[in-house]
2 protein chains.
Amino acid sequence: MAIRPAEQLIHKAAWLYYAHGLRQDQVASQLKISRASVAMYLRKARETGIVNISTSTQLFTDDVLARQLEDALKLDAVWIAPENDYVADPSTDIAVLAASVFLELVKKGDRIGVAWGRTVYTIADIMSYADLQDVTVVQLCGNLGAPYSYRPDQCTMEIARRLNAKGINFYAPLVLTTEELARGLRAEPVIREQLSSIHECDLALYSVGTVDADSHVVKCGALTAEEMGALRKAGAAGVIAGQIIDAEGKALDCSYNRRVISAELSSLRKIEKRLMVVQEDSKFEPLIAAITGGLCTHLVVGARMARRLLDHAGPAAEKAS
Amino acid sequence: MAIRPAEQLIHKAAWLYYAHGLRQDQVASQLKISRASVAMYLRKARETGIVNISTSTQLFTDDVLARQLEDALKLDAVWIAPENDYVADPSTDIAVLAASVFLELVKKGDRIGVAWGRTVYTIADIMSYADLQDVTVVQLCGNLGAPYSYRPDQCTMEIARRLNAKGINFYAPLVLTTEELARGLRAEPVIREQLSSIHECDLALYSVGTVDADSHVVKCGALTAEEMGALRKAGAAGVIAGQIIDAEGKALDCSYNRRVISAELSSLRKIEKRLMVVQEDSKFEPLIAAITGGLCTHLVVGARMARRLLDHAGPAAEKAS
DNA sequence: CACGGCTCTCGACAAAAGTCAAACAGACTC
DNA sequence: GAGTCTGTTTGACTTTTGTCGAGAGCCGTG
């Protein structure tokens, strides 16, 4: 397959069509090919990120609510997806917004840490393609062996593919059976190096998980529902990158956390931009915990959740002032 | 006119169409308006920069020639527009390319210095709209009083308008009749401040002018053809932001330069990214002078000019190594 | 309160873009 | 050297989008 001429043609077609504003038939005659081919090239150009079509996410930050939340929660930026409005599925809207925001935050040369979960995978799945140079996407936590559809490595690789970036996977299980084994594995040079380089990321993308029987970590088998119940009694408030956090956003002192291979929360906090995306209303408490723990600087939520957060933070803020 | 709801609708339409990928009729039914209105909103969204369509300029840097030039001339980046190829007017192609490159180089929060001339105005004119926040566009040199079509303030304002940025004009003439008056004016706090803040720019956009009777500065009446002839004999090699430079790219020691109100070359050199765009083949010597003087880090030229530059620099580079 | 002048909106038509099956061209295998 | 497989190109067709003039709503003004 002659890859070069094809690539060139795609670039030229995209250039003439999008930058010069020619029509497809004009491009076709310039390039001496059929218009149908031009249409195909243009589709490829869009799919591979040679052309970038992005909408301003301004609309969602212009919102007064977003500004109030930024102040109340001391966050760098908040985006709020309108809910029960004109879009069929509100949670899709949040993911679409999150994908746009994410793409807006990524810069050339960045190193990006990606966690996992349904939310992250949904974002990856609808994210448009881009052609960022020198971007590296790293996995923030260990893997699940099971054939589970939102596996950490899948999330990482899919996002890397979309950005035309390098994806670095984490070849270790998320959770091990004994603390000793986990300690040993963390000490392995390969793993050690990867874990210690996480704080060098410029941007992190994650969501937060609940700590009930429906929790992601339970459904994927990392914990049983009973174990989760016990952890909950012990103060578990949420899940970040596979780790259990308490209401203060600190790693819970428990056997499970000691058996997990994942980025340390302190490393995560060193990442400049921490983009947290929450789709479900049920994640209110976990989200509060994550924010309290400083695990989030940029936030994408739905309107209902935003109002709840403000109701929660508002009184506290008033008290403080 | 209710400006708010209209703006909101444009945003929503753009969002549903470009981010969610709905069809226009679907957007129309969601928003409960006619499809024709949706089409109109989308056009407005594109025209105001609410949506951004940008093509990768990769194609033009991938060129071997561009790489060779970068090395030979010690430039940060070079883009080469293919000439006598498939596009009708090669100089338009250079301007289109320059506009894309320019938009790619601009970041949020940047301060941009803009000079003037036909090239700069052409670029401004075909540049697509963008919605950058907190961008400031400043004029690099004084103004022409005459109703001339590529006036410095017009260049600045047009680019500011396209970027949805703040434009800061320079309310002083480009050239005065006496050196004394120029000194006095430069000492004025308003002017002084503006001149001294130029080195804080993150990006500069300019071209270079010739020093013959056809020169821009002659045509707009800043200099007579005779004066220009004399300056040429005295070593003038090009014009940058209204100032005459010699073959070394230094400001020529002459009365004219002392009567000009413009950014000092040393300030220009402090700007991190100096994007120089040259359309005409006749500007070879002036361009060499500008590059020699370190007034250019990013360059956009046509293929013919690129080859001439390489022929010129190539032997010298070989001699050096 | 009727009158231009203004913009916004809509329906209908024309133009442009997307899609598909079939033909085709290379590369590789046997 | 024929056969197969994969990926590209094309013409014909369908769907989607752009545009234009007519009409509707909305102000300030006389």
Side-chain angles (χ1 to χ4, degrees), chain A residues 1-56 59 62 85-88 96 126-129 131 161-162 164, chain B residues 1-56 58-59 62 85-88 96 126 128-129 161 164:
Chain A
M1 181 183 70
I3 208 165
R4 269 296 114 196
E7 277 269 295
Q8 282 281 97
L9 271 182
I10 294 177
H11 268 101
K12 284 187 179 178
W15 179 249
L16 291 170
Y17 186 76
Y18 286 106
H20 279 267
L22 299 186
R23 273 187 274 99
Q24 291 191 355
D25 50 3
Q26 296 178 297
V27 176
S29 64
Q30 292 274 16
L31 263 41
K32 306 228 179 7
I33 52 178
S34 78
R35 207 191 50 69
S37 295
V38 173
M40 192 210 51
Y41 286 152
L42 293 179
R43 181 161 40 73
K44 281 199 180 171
R46 283 188 300 264
E47 281 170 1
T48 54
I50 288 171
V51 306
N52 245 11
I53 302 184
S54 63
T55 58
S56 159
L59 173 61
D62 271 358
D85 203 334
Y86 42 84
V87 176
V96 172
I126 53 154
M127 178 157 37
S128 59
Y129 291 79
D131 192 14
R161 196 172 72 83
R162 301 267 172 159
N164 209 348
Chain B
M1 183 182 68
I3 207 166
R4 269 296 111 196
E7 277 268 295
Q8 281 283 97
L9 271 182
I10 294 177
H11 267 104
K12 284 186 180 177
W15 179 249
L16 291 171
Y17 187 76
Y18 287 106
H20 279 266
L22 299 186
R23 274 188 274 97
Q24 291 190 357
D25 50 3
Q26 295 177 298
V27 175
S29 65
Q30 292 273 17
L31 262 40
K32 307 230 177 6
I33 53 177
S34 77
R35 217 204 81 259
S37 296
V38 173
M40 192 206 51
Y41 286 152
L42 293 179
R43 183 160 40 73
K44 281 197 180 170
R46 284 188 298 264
E47 281 170 2
T48 56
I50 288 170
V51 306
N52 248 10
I53 302 184
S54 62
T55 56
S56 158
Q58 194 80 26
L59 173 61
D62 272 357
D85 203 332
Y86 42 85
V87 176
V96 171
I126 52 153
S128 59
Y129 291 79
R161 195 172 73 81
N164 209 348

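The model shown is predicted, which means the values in this text are computed figures rather than measured ones. Residue numbering restarts at 1 for every chain, and letters A, B, ... go by the order of the sequence lines. These values consider heavy atoms only, across backbone and side chains, with no hydrogens, waters or symmetry-generated copies.
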Protein-to-nucleotide contact annotation, 5' to 3' order, nucleotides 11-20 of chain D [B base; S sugar-phosphate only; - none; under 4.0 Å, heavy atom]: B----SBBB-
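Taking the side chain to side chain contact (heavy atoms under 4.5 Å, CB included) definition, one finds that Asp25(B) meets it with Arg23(B), Arg35(B), sequence neighbours left out. For Ser34(B), the side chain to side chain contact (heavy atoms under 4.5 Å, CB included) partners at least two apart in sequence or on another chain are Ala36(B), Ser37(B). Shown here are the side-chain hydrogen bond (donor to acceptor under 3.5 Å, both in side chains) partners of Tyr17(A), two or more places apart in sequence or in another chain: there are none. The side chain to side chain contact (heavy atoms under 4.5 Å, CB included) check on Ile126(B) picks up Ala95(B), Val96(B), Ala99(B), with sequence neighbours excluded.
Residues Asp131(A) and Gly49(A) approach most closely at CB-O, 3.3 Å, considering heavy atoms.
With respect to Arg46(A), the side-chain hydrogen bond (donor to acceptor under 3.5 Å, both in side chains) criterion is satisfied by exactly one of Tyr129(A), Tyr18(A), Tyr41(A): Tyr18(A).
Within 4.0 Å of Lys32(B), counting heavy atoms only, lies no atom of the nucleic acid at all.
Looking at heavy atoms from C-beta onward, Asn52(A) lies out of side-chain contact with Asn52(B) at the 4.5 angstrom threshold. Here the side chains of Val38(A) and Leu16(A) are not in contact, with every heavy-atom distance at 4.5 Å or above.
Rounded to whole Å, the distance from CD1 on Ile10(A) to P on dG7(D) is 14 Å. With rounding to whole Å, Leu31(A) atom CG is found 11 Å from dT9(D) atom P.
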Pair pattern of DNA chain D in dot-bracket, where unpaired bases get dots and | marks partners in another strand, Watson-Crick or G-U under 3.5 angstrom: ||||||||||||||||||||||||||||||
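Listed pair Tyr41(A) / dT9(D) meets the phosphate criterion, a side-chain N or O lying under 4.0 Å from OP1 or OP2.
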